[in-house]
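Down below is the structure, laid out as structure tokens.
Just so you know, these numbers come straight off a predicted model, no measurement behind them. Side chains are part of it too, since the values below use all heavy atoms of this structure and drop only hydrogens, waters and symmetry mates.
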Amino acid sequence: MEFAVHGDFRLRCTIQPIFRHEDGRLTPIAADAQVVPYREGRSVTVTEFLAEVADEDRAIVGRVWAVLPLANVHNMGIEGIALLFRQDVNGEAPDLDDLGFMVRRLKGEGFEASQLICEIGGDENLACSLRALGMRVALGDHGAAQHDGDAVKRVMPDIVRLDRAAFERFCADASTGRLLRPVVSELKTLGADVLVEGIDSESRLEIALGAGVDLLQGDLLEPAKLVGSIFAEGPRETSQYRRGECVVVPLFG
């Protein structure tokens with residue numbers, strides 16, 4: 001497995017499957033890859049890690065952070081799905097030369113650039129550059145309950161992500177939950193698939209499905225695991241996760 005070392009820290013990759021809901025079935029279509037710092041065998045927060053990174057080292061750490069998920073593409077354990085990864089640890093635009101190198105390397109190994117999805121903010125120029133490399137683009141706006149419609153129109157993302165914090169706001173009560181459907185409908189009208197993160201309970205799954213969400217991610221379906229885990233492939237019936245109709249069967253590992 002590919003990992004990085006910085007001082008006392010080990011930077012490792014975890015992945016969590018993303019499922020498309022269609023006709024009552026959940027099919028894994030991508031893996032969300034994240035870099036997690038470890039120290040003395042336990043995971044630590046990004047904030048704790050960055051507190052130990054000197055200013056002069058931030059740039060190289062950011063470059064490693066951005067490409068490490070791509071270096072682990074062949075360690076995901078399942079074939080034929082995409083990889084979604086975020087920008088670097090500093091919140092700055094990823095180095096396009098580094099990404100271009102990784103795209104060429106992976107293409108030579110049989111992994112097409114169209115299987116890479118880079119999540120960015122509202123920078124339309126960066127979106128154009130990523131598409132020029134052959135990648136797809138996801139738009140993230142972490143913690144915001146609703147995406148800026150103008151940003152969606154500018155970036156024209158393939159996927160819009162509502163992260164855990166945003167989704168939790170819609171799950172506060174039944175009346176708030178009903179507001180999710182018009183948000184999802186508007187984003188779909190703009191041509192994007194909608195990804196909801198934080199499907200951690202049956203009630204949250206019900207809210208997401210009721211709102212017409214396309215893509216689902218969360219611990220109820222499968223928790224994040226270190227790359228190298230043994231994954232089971234193929235679709236599953238959505239009913240096995242709903243209303244206690246049957247025992248939840250992990251989709252991966």
Counterpart residues, side-chain contact (heavy atoms from CB on, under 4.5 Å), relative to Thr45 (two or more places apart): Thr47, Glu48
Asp95 side chain to Asp98 main-chain N or O, any donor-acceptor pair under 3.5 Å? yes
Transitive ILVMFWY side-chain link Ile159 to Leu70, under 4.5 Å: no
Taking side-chain hydrogen bond (donor to acceptor under 3.5 Å, both in side chains) as the test, write out the residues that go with Ser43, two or more places apart. none
Does the side chain of Phe85 reach to within under 4.5 Å of the side chain of Val67, using non-hydrogen atoms? no
Give a yes or no answer on whether the side chain of Lys188 reaches the backbone of Gly212 with a donor-acceptor pair at less than 3.5 Å. yes
Drop me the distance from Cys118's SG to Leu133's CG, to the nearest 0.5 angstrom. 9.5 Å
Is it true that Leu84 and Met135 fall in one hydrophobic cluster, defined by side-chain heavy atoms closer than 4.5 Å? no
Separation between CG of Leu215 and CD1 of Ile18, rounded to the nearest 0.5 Å: 7.0 Å
Taking Met156 as the starting point, is it possible to reach Leu190 by hopping between hydrophobic residues whose side chains are less than 4.5 Å apart? no
Pairwise side-chain contact, Phe167 with Ile207, heavy-atom cut-off 4.5 Å (strictly under): yes
Who are the side-chain contact (heavy atoms from CB on, under 4.5 Å) partners of Ala54, not counting sequence neighbours? Glu56, Asp57
Can you name the closest pair of heavy atoms from Leu83 and Ala33 and give their distance? CD1-CB, 3.5 Å
Could you list the cluster mates of Val5? Members are the ILVMFWY residues connected by side-chain heavy atoms closer than 4.5 Å, either directly or through other members. Phe3
Can you list everything that forms a side-chain hydrogen bond (donor to acceptor under 3.5 Å, both in side chains) with Asp200? Sequence neighbours excluded, please. Arg164
Heavy-atom closest pair, residues Val227 and Met1: O-SD, 3.7 Å
Is Val103 reachable from Ile117 through a run of hydrophobic residues whose side-chain heavy atoms are each under 4.5 Å from the next? no
Separation of Gln115 CD from Ile29 CD1 (nearest 0.5 Å): 11.5 Å
Do any side-chain atoms of residues 20-27 form donor-acceptor pairs under 3.5 angstrom with protein atoms, and if so which ones, sequence neighbours left out?
from, atom 1, to, atom 2, distance (Å)
Arg20, NH2, Asp193, OD2, 2.7
Arg25, NE, Glu237, OE2, 3.0

Which distance, rounded to the nearest 0.5 Å, do you find between the CG of Leu195 and the CG of Leu139? 11.5 Å
Among all residues two or more places apart in sequence or in another chain, which pass the salt bridge (Lys or Arg N to Asp or Glu O under 4.0 Å) test with Lys107? none
Pairwise distance CG(Leu99) to CG(Leu116) - rounded to 0.5 angstrom: 9.0 Å
By side-chain contact (heavy atoms from CB on, under 4.5 Å), which residues pair with Ser114, not counting sequence neighbours? Glu112
Closest non-hydrogen atoms of Arg204 and Ile199, given as atom of the first, atom of the second and distance, are O-CD1, 4.0 Å
So do the side chains of Trp65 and Gln34 get within less than 4.5 Å of each other, counting heavy atoms only? no
If you compare all heavy atoms of Ala31 against all heavy atoms of Ile15, which two are closest, and at what distance to 0.1 Å? CB-CB, 4.2 Å
Does the pair Arg58 and Glu52 meet the rule for a salt bridge (charged side-chain N to carboxylate O under 4.0 Å, His left out), with working shown? CA-CA 10 Å; Arg58 290 289 180 102; Glu52 302 282 340; over 6 Å; no
Does the Thr176 side chain pair with the main chain of Ala172, one donor and one acceptor, at a distance under 3.5 Å? no
side-chain hydrogen bond (donor to acceptor under 3.5 Å, both in side chains) pairs, two or more places apart, involving residues 1-16: Gln16-Gln217, Gln16-Asp219
To the nearest 0.5 Å, how far apart are CZ in Phe19 and CZ in Arg236? 9.0 Å
Under the side chain to side chain contact (heavy atoms under 4.5 Å, CB included) criterion, do Leu216 and Leu209 qualify, and how do the steps go? CA-CA 9 Å; Leu216 305 161; Leu209 295 179; 3.8 Å; yes
Heavy-atom pair with the smallest gap, counting every atom of Leu205 and Tyr241: CD2-CB, 3.6 Å
Could you walk me through whether Phe170 and Val183 pass the side chain to side chain contact (heavy atoms under 4.5 Å, CB included) test, one step at a time? CA-CA 10 Å; Phe170 287 108; Val183 172; 4.0 Å; yes
List the residues meeting ring pair (Phe, Tyr, Trp, His ring centres under 6.0 Å) with Phe111, not counting sequence neighbours, and say none if there are none. none
Are any of the side-chain heavy atoms of Pro69 and Asn72 separated by less than 4.5 Å? no
Among residues at least two apart in sequence or on other chains, which ones pass side-chain hydrogen bond (donor to acceptor under 3.5 Å, both in side chains) with Glu124? Arg154
Could you tell me whether the side chain of Leu126 reaches within less than 4.5 Å of the side chain of Leu96, counting heavy atoms only? yes
Is the shortest side-chain N to carboxylate O distance from Asp97 to Arg63 below 4.0 Å? no
Of all residues at least two apart in sequence or in a different chain, which pass the side-chain contact (heavy atoms from CB on, under 4.5 Å) check with Glu109? His74, Arg105, Leu106
Donor-acceptor pair, side chain of Asp158 and main chain of Arg136, under 3.5 angstrom: no
Group every Ile, Leu, Val, Met, Phe, Trp and Tyr by side-chain heavy-atom contacts under 4.5 Å, then state whether Val36 and Leu226 land in the same group. yes
Nearest heavy-atom neighbours spanning Val152 and Leu187: CG2-CD2, 3.9 Å
If we only count heavy atoms from C-beta on, is the Val61 to Phe49 side-chain gap below 4.5 Å? yes
